Asks: 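First the structure, which I've put down as structure tokens, then a few questions once you've had a look.
All values derive from a computational prediction rather than experimental measurement.
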Amino acid sequence: MREIAPDVWQLAGFPPHAINIYLVGDVLIDAGTRWSPGRIGRQLEDQPIRLLALTHVHPDHQGAARWVCERYGAPLACHADDRPTMEGTRPMLPANRFIALSTAFFAGPPRPVTRELKPDDEVAGFRVLHLPGHTPGHVVFFRERDRVAIVGDVLNGMNLLTTMPGLHEPPSFFCTDPAENRRSIRRLVELKPSLLCFGHGPPLSDMAQLGRFVERLAD
């Protein structure tokens, strides 16, 4: 586990940066896959966890959610639009074979959501922003004072097949609305972040690279 910004820690994983989990103070952001409890427990040990907050409900972000909540006595938070999926009353979205395969290998069991994240809510000093498209309830956590953004899968910081660093839109077959996700990318850029912390990929502080990437996006 390493500190990538003041009081923002990235848990180690293998391959490095492939499926990221972050600790901000006593809040865990995302929970990896159902195979992640060992990884999380070894690094957090007896660290108190006040809240588990999900950027979105996909198999590689909610997988260990129930384990984390039971192990640390932490409530679970996500956006209302992803709540039915987290609680098991709706399948993972989008409903296609790629998500179905990912669900079969990586998803964890359902878990009741304690707190619905709303725009402009505060979580560990970060502001909640609803930036949908990847899933209906995808959120980003943005800290105004230093412009650090924990962005989930609005953008990928690596090629998902090769694991090579680089900016990419998430594959369209993993998005409920690729056009809406592209609009969310533009909204993210308007925040003028200083550091992007991805669900997949190493942190990025080169905002010129982000600017060039957005310029290449077709309307």
Asks: Please round to the nearest 0.5 Å and tell me the distance separating atom OG1 of Thr163 and atom CZ of Phe14.
Replies: 9.0 Å
Asks: Can you tell if the side chain of Cys197 reaches within under 4.5 Å of the side chain of Ile4, non-hydrogen atoms only?
Replies: yes
Asks: Please determine if Asp60 and Arg34 form a salt bridge, counting it only when a charged side-chain N lies under 4.0 Å from a carboxylate O.
Replies: no
Asks: For a 4.5 angstrom cut-off between non-hydrogen side-chain atoms, does Leu117 reach Arg115?
Replies: yes
Asks: Let me check something: do Leu93 and Phe106 share a hydrophobic cluster, defined by ILVMFWY side-chain heavy atoms less than 4.5 Å apart, either directly or through other members?
Replies: no
Asks: Can you list the steps and then say if His130 with Val140 is a side-chain contact (heavy atoms from CB on, under 4.5 Å)?
Replies: CA-CA 7 Å; His130 183 211; Val140 163; over 6 Å; no
Asks: Given the rule in the side-chain contact (heavy atoms from CB on, under 4.5 Å) test, do His134 and Thr176 qualify, once you have shown the distances and angles that lead to the verdict?
Replies: CA-CA 6 Å; His134 186 60; Thr176 55; over 6 Å; no
Asks: Would a distance-only check, ignoring hydrogens and angles, find a side-chain to backbone donor-acceptor pair under 3.5 Å from Gln43 to Arg39?
Replies: yes
Asks: Report yes or no: does Asn96 contribute a side-chain atom to a donor-acceptor pair with the main-chain N or O of Phe98 at less than 3.5 Å?
Replies: yes
Asks: Which heavy atom of Gln209 sits nearest to which heavy atom of Gly166, and what is that distance?
Replies: NE2-CA, 4.4 Å
Asks: Check for a donor-acceptor pair, side chain of Asp177 on one end and backbone N or O of Gly133 on the other, with a separation under 3.5 Å.
Replies: no
Asks: In terms of hydrophobic clustering (I, L, V, M, F, W, Y; side-chain heavy atoms under 4.5 Å; direct or indirect links), are Val113 and Leu28 co-clustered?
Replies: yes
Asks: I'd like to know if the side chain of Thr103 reaches the main chain of Ile99, judged simply by a donor and an acceptor atom lying under 3.5 Å from each other, with no hydrogens or angles considered.
Replies: yes
Asks: Do Val139 and Phe126 touch side chain to side chain, with heavy atoms closer than 4.5 Å?
Replies: no
Asks: Would you check if Leu44 and Tyr72 make a side-chain contact, meaning some heavy-atom pair closer than 4.5 Å?
Replies: yes
Asks: Taking atom OG1 of Thr114 and atom CG of Leu76, what is their separation to the nearest 0.5 Å?
Replies: 6.0 Å
Asks: Should Leu129 and Leu191 count as side-chain neighbours, where that means a heavy-atom distance under 4.5 Å?
Replies: yes
Asks: Mind checking the NE2-CG spacing from His58 to Asp30? Nearest 0.5 Å is all I need.
Replies: 11.5 Å
Asks: Of all the heavy-atom pairs spanning Ser172 and Pro178, show the shortest one and how long it is.
Replies: CB-CG, 3.8 Å
Asks: Do His200 and His17 have ring centroids that are under 6.0 Å from one another?
Replies: no
Asks: So which heavy atom on Gly125 is nearest to which on Arg143, and how close?
Replies: O-CG, 3.5 Å
Asks: How close do Gly108 and Gln62 get, counting heavy atoms only, and between which atoms?
Replies: N-OE1, 2.7 Å
Asks: Any salt bridge between Glu116 and Arg83, counting N to O under 4.0 Å?
Replies: yes
Asks: Spell out, as yes or no, whether a donor-acceptor pair under 3.5 Å connects the side chain of Ser194 to the backbone of Asp146.
Replies: yes
Asks: Do the side chain of Asn181 and the main chain of Val154 share a donor and acceptor less than 3.5 angstrom apart?
Replies: yes
Asks: Using the rule given for salt bridge (charged side-chain N to carboxylate O under 4.0 Å, His left out), can you reason through Glu122 versus Arg127, listing the C-alpha separation, both sets of side-chain angles and the distance that settles it, and then say yes or no?
Replies: CA-CA 5 Å; Glu122 183 272 332; Arg127 179 161 61 100; over 6 Å; no
Asks: In terms of the angle between their ring planes, are His56 and His61 parallel, tilted or perpendicular, with boundaries placed at 30° and 60°?
Replies: tilted
Asks: State yes or no: do Phe142 and Val214 share one hydrophobic cluster built from I, L, V, M, F, W and Y residues joined by side-chain heavy-atom distances below 4.5 Å, directly or via other members?
Replies: yes
Asks: Are Tyr22 and Val128 connected, step by step, through hydrophobic side chains (Ile, Leu, Val, Met, Phe, Trp, Tyr) whose heavy atoms are closer than 4.5 Å?
Replies: yes
Asks: I would like to know whether Leu204 and Leu167 meet side-chain contact (heavy atoms from CB on, under 4.5 Å); could you show each step before the answer?
Replies: CA-CA 9 Å; Leu204 179 71; Leu167 286 174; 3.9 Å; yes
Asks: Tell me if a side-chain donor or acceptor on Asn156 pairs with a main-chain N or O of Met158 at a distance below 3.5 Å.
Replies: no
Asks: Is there a ring pair (Phe, Tyr, Trp, His ring centres under 6.0 Å) between His79 and His138 once you walk through the steps?
Replies: CA-CA 7 Å; His79 191 276; His138 193 290; over 10 Å; no
Asks: Under 3.5 Å, side chain of Arg147 to main-chain N/O of Lys192, donor-acceptor pair present?
Replies: yes
Asks: Any link between Ile49 and Val24 through a network of hydrophobic side chains (Ile, Leu, Val, Met, Phe, Trp, Tyr) touching at under 4.5 Å?
Replies: no
Asks: Looking only at the side chains, is there a donor atom on one of Gln10 and Asn20 sitting less than 3.5 Å from an acceptor on the other?
Replies: yes
Asks: Of the non-hydrogen atoms in Ala64 and Ile40, which two are nearest, and what is the gap between them?
Replies: CB-CD1, 3.9 Å
Asks: Please report the interatomic distance CG(Leu210) to CG(Leu196), rounded to the nearest 0.5 Å.
Replies: 5.5 Å
Asks: Check for a donor-acceptor pair, side chain of Thr89 on one end and backbone N or O of Pro84 on the other, with a separation under 3.5 Å.
Replies: yes
Asks: For atom CZ of Phe173, is the number of surrounding heavy atoms from other residues, nucleotides or ligands below 6.0 Å larger than 12?
Replies: yes
Asks: Would you say that Leu23 contacts Gln47 through its side chain, given a criterion of any heavy-atom pair below 4.5 Å between the two side chains?
Replies: yes
Asks: Atom OG1 in Thr135, atom CE in Met92: separation rounded to 0.5 Å?
Replies: 10.0 Å
Asks: With the side chain counted from C-beta on, respond yes when Val27 and Leu52 share a heavy-atom pair under 4.5 Å apart, and no when they do not.
Replies: no
Asks: List the steps and the verdict of side-chain contact (heavy atoms from CB on, under 4.5 Å) for Arg90 and Asp82.
Replies: CA-CA 9 Å; Arg90 182 183 70 193; Asp82 276 10; 4.1 Å; yes
Asks: Between CG of Asp26 and CG of Leu51, what distance do you get to the nearest 0.5 Å?
Replies: 8.5 Å
Asks: So that I can tick it off, tell me whether Glu190 and Arg187 are bridged by a salt bridge, with the cut-off set at under 4.0 angstrom between side-chain N and carboxylate O.
Replies: no
Asks: Would you say Glu3's side chain and Asp7's backbone share a donor-acceptor pair under 3.5 angstrom?
Replies: yes
Asks: Measuring only between side-chain heavy atoms, which start at C-beta, is Arg111 closer than 4.5 Å to Trp67?
Replies: no
